[in-house]
Amino acid sequence: MWSALLGTTPATDEVIDAIADVEMQRQAMEKDAGLAASRSSTLRRLHELLDREKEALQLRGPDAGRPENVEAVAIEIERVKGMTGITSPGPAPRGAYPGQPRAAWRSAHRSPARNKGRRTMGRAGGR
């Protein structure tokens with residue numbers, strides 16, 4: 001999967017499994033706490049994984065297959081950052097409660113028109 005996205009050798013199974021585990025936890029948390037909380041928790045975990053992989057890259061060198069791991073985690077971080085709560089285009093409804101019908105402007109109550117007559121726009125007295 002990652003090799004097709006990266007165009008190189010795939011990341012190690014350990015990193016792929018860690019990314020998949022973080023994603024499963026994000027999905028479970030999203031059901032309980034919502035998208036924003038699940039995203040922040042997931043990003044924190046992915047940044048920790050990225051730091052570990054960068055450290056391993058420095059210790060072992062680029063020949064150990066670690067650049068692909070760093071790149072795979074970075075791609076996953078960008079994917080999670082790009083997530084939004086809007087599933088359909090357009091503005092979110094402004095109702096107080098989800099599912100509450102919105103009143104159309106045509107059916108809004110209007111106050112009766114009052115005939116105020118002609119105004120003098122700041123002129124005092126008559127003509």
Sequence neighbours excluded, the answer for side-chain hydrogen bond (donor to acceptor under 3.5 Å, both in side chains) partners of Arg52 is none

Hydrophobic cluster identity match, Ile77 and Met29, side-chain contacts under 4.5 Å:
no

Using the test side-chain hydrogen bond (donor to acceptor under 3.5 Å, both in side chains), find all partners of Asp21 that sit at least two apart in sequence or belong to another chain.
Gln25

Tell me, yes or no, whether the heavy-atom count around Glu55 atom CD, taken from other residues, nucleotides or ligands under 6.0 Å, exceeds 12.
no

To the nearest 0.5 Å, how far apart are CD in Glu76 and CG in Leu43?
9.5 Å

List the steps, then state whether side-chain contact (heavy atoms from CB on, under 4.5 Å) holds for Glu53 with Leu57.
CA-CA 6 Å; Glu53 289 304 316; Leu57 180 63; over 6 Å; no

Any donor-acceptor N/O pair, Ser41 side chain to Ala37 backbone, under 3.5 Å
no

When you measure from the side chain of Arg39 to the backbone N and O of Met83, does any donor-acceptor pair fall under 3.5 Å?
yes

Would you please test Leu49 and Val22 for side-chain contact (heavy atoms from CB on, under 4.5 Å) and show each step?
CA-CA 10 Å; Leu49 179 60; Val22 169; 5.6 Å; no

Heavy-atom pair with the smallest gap, counting every atom of Ile16 and Ala11
CD1-O, 3.5 Å

So, for Val73 and Leu46, which heavy atoms are closest and what is the spacing to 0.1 Å?
CG1-O, 3.5 Å

Separation between CG of Leu50 and NE2 of His47, rounded to the nearest 0.5 Å
7.0 Å

If you take all heavy atoms of Ser38 and Leu35, which pair is closest and at what distance?
OG-O, 2.9 Å

For Gln27, give me all partners under side-chain hydrogen bond (donor to acceptor under 3.5 Å, both in side chains), at least two apart in sequence or on another chain.
Glu23

